[in-house]
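Working notes for the structure below.
We number each residue from 1, following the sequence as shown. When a ligand or atom number is given, it counts from 1 through the structure's own listing order.
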Amino acid sequence: MSVVNVTAGPAGSPVLAPSIWFVGCGNMAGAMVEGWRSAGVDFSQSVAIRPSGTPVPGLRTVQTLGEAGRPPELLLLGFKPQMLRELAPGLANWVTSRTAVVSILAGVEVATLRELFPRAQAVVRVMPNVACAIRRGVTGLYSADADEALRTRLRQLFMILGLTVECTNEAELATIGSVAGAGPAYVARFIEALARAGEARGLDPQLSLTIARETVFGTGWLAATTGAEMDEIVRRVRSPNGTTAAGLAVLEPELPALVGRTIDAAARRGAELAAAARAIDSPEGAA
Ligand SMILES: NC(=O)C1=CN([C@@H]2O[C@H](COP(=O)(O)OP(=O)(O)OC[C@H]3O[C@@H](n4cnc5c(N)ncnc54)[C@H](OP(=O)(O)O)[C@@H]3O)[C@@H](O)[C@H]2O)C=CC1
Ligand SMILES: O=C(O)[C@@H]1CCC=N1
């Protein structure tokens, strides 16, 4: 596994994106488009395909594959994993030896994608998170068959959206999905819990939420900008026999196990999604 960059690449220098079909462009692919557009990426050759026809700002949006135009360089799968088996045969007709299939589908393995898109130039799995919208995302990349030119192109594109990690195997990508892909939801729940506790002790609800959010943001920013170890941050805050020490005495025995079980559950679900996509005759795979 190798980290490509730590913070987002520079904005401002216009990058012409390859021609991309965003097949499904909801919360996650939409966040990626938002981040790229805010950095000046030019999507004039790309198209979003959404059955609802809901426009994606900055992208020509169509409802069907037939309206999309010439086959793209990158076919980006942005729908739910459970739809893969239904959608793949229609999509495969548009895949040529010059098309790379780029999947953000949680769980679904390269072997499954390769079987469904036998003509593709390459199959690439990407595991981003929603903070890509503000270019502070975390994205894992994995491919078994992309050539160096394609790897460089994808690296350059994803670096724009934040931290980018090239994985050497799919297990690493799956772990990034469980920790960072799902992570914003866990962190949002932690902020909410902190806010509720403040509220329970008399703070105005909105103010308490703002305080909790800024505490998490400020701590993350402090750690990211100074490179301080977590133990060091704790040491700077915890006075001997003070208020923090009293709070941590409750939190520390519970938190690692709770987070561990949380990530284990996400990982198990990822494996189930992978199995369902592999097996045509499984109830979920056929759904
Ligand atoms: N949300 C996240 O934080 C992350 C999600 N992912 C992965 O991203 C993928 C999408 O998730 P998410 O964005 O949350 O889901 P959304 O429900 O927000 O988006 C799903 C998209 O799929 C489209 N879609 C539905 N049916 C079809 C169809 N028949 N043909 C083409 N497109 C279709 C929807 O179209 P319409 O807009 O018209 O309804 C929508 O744009 C999943 O595979 C998930 O595993 C990966 C990492 C993080
Ligand atoms: O919940 C999911 O399955 C997707 C993948 C990571 C975040 N959302």
Is it true that, when you exclude N241 itself, more than 12 heavy atoms of the residues, nucleotides or ligands shown sit nearer than 6.0 Å to its CG?
no
Got the closest protein heavy atom to [atom], with its distance?
atom                    : result
atom 6 (N) of ligand 1  : I104 O, 3.7 Å
atom 15 (O) of ligand 1 : K80 NZ, 3.1 Å
atom 19 (O) of ligand 1 : G26 CA, 3.4 Å
atom 42 (C) of ligand 1 : F79 O, 3.2 Å
atom 13 (O) of ligand 1 : M28 N, 2.8 Å
atom 29 (N) of ligand 1 : L87 CD2, 3.4 Å

Ligand 1 contact on [X] by region, counting heavy-atom pairs under 4.0 Å:
X   : result
C25 : backbone
T54 : neither
E86 : neither

Per-atom contacts, ligand 1 versus [X] - under 4.0 Å to a heavy atom:
X    : result
A106 : 43 (O), 45 (O)
V130 : 3 (O)
G24  : 21 (C), 22 (O), 23 (C), 32 (N), 41 (O)
G78  : 9 (C), 10 (C), 20 (C), 21 (C), 22 (O)
M127 : 46 (C), 47 (C)
M83  : 25 (C), 26 (N), 27 (C), 29 (N)

When you compare the side chain of [Y] with that of [X], does any pair of heavy atoms fall below 4.5 Å?
X    : Y    : answer
W221 : R136 : yes
V126 : V124 : yes
T139 : N129 : no
L248 : E252 : yes

Quick note on ligand 2: atoms under 4.0 Å from a heavy atom of A106 include exactly 5 (C)
Assess whether a salt bridge exists between [X] and [Y], defined as any Lys/Arg side-chain N lying under 4.0 Å from an Asp/Glu carboxylate O.
X    : Y    : result
R85  : E115 : yes
R236 : E232 : yes
R98  : E73  : no
E148 : R155 : yes
R37  : E34  : no

Can a side-chain donor-acceptor contact be found between E172 and T168 if the only test is distance below 3.5 angstrom?
yes
With distance as the sole criterion, is a donor-acceptor pair present between the side chains of T175 and S178 under 3.5 Å?
no
Option whose closest heavy atom lies nearest to [atom], chosen from [options]:
atom                    : options             : answer
atom 7 (C) of ligand 2  : G270, G181, A266    : G181
atom 28 (C) of ligand 1 : P51, G140, S103     : P51
atom 39 (O) of ligand 1 : A48, A31, S52, P128 : S52

Is atom 2 (C) of ligand 2 less than 4.0 angstrom from some protein heavy atom?
no
